[in-house]
Amino acid sequence: MVATKEELGSQSPPGATPAAGTRVADPPHIADPGALGLGAFAMTTFVLSVFNAGLINVSVEAVVLPIAFFYGGIVQLLAGMWEFRRGNTFAATAFASYGAFWLTFAGFITRIAPHLSPTHAYQALGVYLLAWAIFTAYMMLAALRVNVAVLGVFVALTVTFVLLTIGAFGQSSSMDKAGGWAGLVTAAIAWYASFAYVTNNTWKKTLLPVGSLRR
């Protein structure tokens with residue numbers, strides 16, 4: 001009979017020893033989902049930011065939606081759940097939250113925005129972006145204990161959200177474009193972090209540094 005530590009913990013009182021003949025199995029190893037979560041975030045941010053920066057005609061902007069729903073949304077949310085299983089509070093909170101961001105973004109664009117009053121629709125977008133700017137700002141402070149690459153992502157993302165928030169409330173296309181360019185920087189840093197995580201993990205050594213911040 002084989003029982004996991006979690007099963008024994010849920011069935012036995014504190015301090016109890018396994019019954020005779022019971023072998024305690026270690027929890028299953030879970031691969032680091034960080035590279036997946038960062039990759040999903042980077043790609044979706046890149047595609048949306050290309051439009052925000054005015055590099056591609058907005059008439060084809062709908063291409064963002066399936067990427068936001070499936071890769072940036074569902075896949076990143078799953079990465080967050082796996083980080084919870086690994087006991088990584090920061091990464092779990094970040095990936096689950098930004099997975100939800102992309103899912104709600106897709107829902108807002110397709111289900112909510114078309115039914116808003118044209119006169120006040122910009123306020124809805126502005127408060128939505130402001131809320132995410134606040135969340136990102138305090139996650140940036142927490143990232144001071146992660147590594148330089150991840151901190152860079154959150155610094156750039158905070159700037160992106162702030163610029164987009166100002167652009168939404170001020171109905172300023174120039175601020176929207178500035179936010180788009182900041183988003184492209186964010187995507188580039190996130191892609192590098194994802195590249196470093198998957199490469200270093202696969203090669204079992206540090207080939208691409210992410211910069212330690214722990215003391």
Side-chain angles (χ1 to χ4, degrees), residues 33 36-83 91-140 153-191 193-194:
L36 175 63
L38 284 163
F41 174 81
M43 183 184 295
T44 317
T45 301
F46 171 79
V47 174
L48 177 60
S49 296
V50 163
F51 291 99
N52 285 341
L55 299 179
I56 296 180
N57 192 283
V58 294
S59 64
V60 293
E61 192 174 15
V63 70
V64 176
L65 297 177
I67 300 174
F69 184 82
F70 290 103
Y71 197 34
I74 294 176
V75 169
Q76 195 174 180
L77 183 62
L78 288 173
M81 297 302 101
W82 285 316
E83 289 286 14
T93 303
F95 290 142
S97 296
Y98 290 113
F101 165 77
W102 287 114
L103 289 170
T104 58
F105 172 80
F108 177 80
I109 296 300
T110 59
R111 301 291 183 180
I112 305 301
H115 304 289
L116 295 176
S117 166
T119 305
H120 303 291
Y122 72 94
Q123 295 176 333
L125 178 59
V127 74
Y128 175 78
L129 293 170
L130 175 61
W132 283 104
I134 294 170
F135 171 76
T136 304
Y138 75 69
M139 289 296 289
M140 176 184 66
V153 171
F154 279 89
V155 170
L157 184 58
T158 300
V159 173
T160 301
F161 273 124
V162 169
L163 291 173
L164 292 175
T165 299
I166 295 172
F169 278 124
Q171 302 182 71
S172 170
S173 60
S174 60
M175 294 302 292
D176 290 339
K177 288 184 178 180
W181 283 105
L184 290 173
V185 173
T186 303
I189 301 172
W191 255 328
S194 174

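Hydrogens, waters and symmetry mates play no part in the numbers below; they use all other heavy atoms, side chains included.
Between Phe135 and Tyr138, the distance separating the two ring centers is shorter than 6.0 angstrom.
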- Task: Check the pair Phe105, Thr44 against side chain to side chain contact (heavy atoms under 4.5 Å, CB included), reporting the backbone distance first and the verdict last.
- Result: CA-CA 11 Å; Phe105 172 80; Thr44 317; over 6 Å; no

- Given side chain to side chain contact (heavy atoms under 4.5 Å, CB included), test Phe41 with Trp102 step by step and report yes or no. CA-CA 9 Å; Phe41 174 81; Trp102 287 114; 4.0 Å; yes

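Closest approach of Ala182 to Leu163, counting heavy atoms only: CB-CD1, 4.1 Å. The two residues Ala124 and Val127 have their closest heavy-atom pair at O-CG1, 3.3 Å. The heavy-atom pair separating Val185 from Ala156 by the smallest distance is CG1-CB, 4.4 Å. Taking every heavy atom of both residues into account, Pro33 and Trp82 meet most closely at CG-CB, 3.8 Å. Closest approach of Ala94 to Phe154, counting heavy atoms only: CB-CZ, 4.0 Å. In terms of heavy atoms, Gly180 sits closest to Leu164 at N-CD2, 4.4 Å.
Rounding to the nearest 0.5 angstrom, the gap separating the CD atom in Glu83 from the CE atom in Met81 is 10.0 Å. Atom OG1 of Thr45 is separated from atom CG of Leu157 by 6.5 Å, given to the nearest 0.5 angstrom. Rounding to the nearest 0.5 Å gives a distance of 11.0 Å between CD1 of Ile166 and CG of Leu129. With values rounded to the nearest 0.5 angstrom, Glu61 atom CD is found 7.0 Å from Ile109 atom CD1.
Evaluated for a side-chain contact (heavy atoms from CB on, under 4.5 Å) with Leu184, the options Ile189, Leu55, Asn52 yield exactly one hit, Leu55. Among Phe161, Tyr122, Phe108, the one residue that satisfies the ring pair (Phe, Tyr, Trp, His ring centres under 6.0 Å) test with Tyr128 is Phe108. Of the listed residues (Tyr71, Tyr98, Phe70), just one forms a side-chain contact (heavy atoms from CB on, under 4.5 Å) with Gln76, and that residue is Tyr98.
Take Val63 and apply the side chain to side chain contact (heavy atoms under 4.5 Å, CB included) test, not counting sequence neighbours, and it matches Val47, Phe51.
Sorted by first and then second residue, the side chain to side chain donor-acceptor pair (under 3.5 Å) pairs involving residues 153-172 (not counting sequence neighbours) are Thr160-Thr186, Ser172-Ser174.
Within the 4.5 Å cutoff, the side chain of Met43 has heavy atoms near those of the Trp191 side chain.
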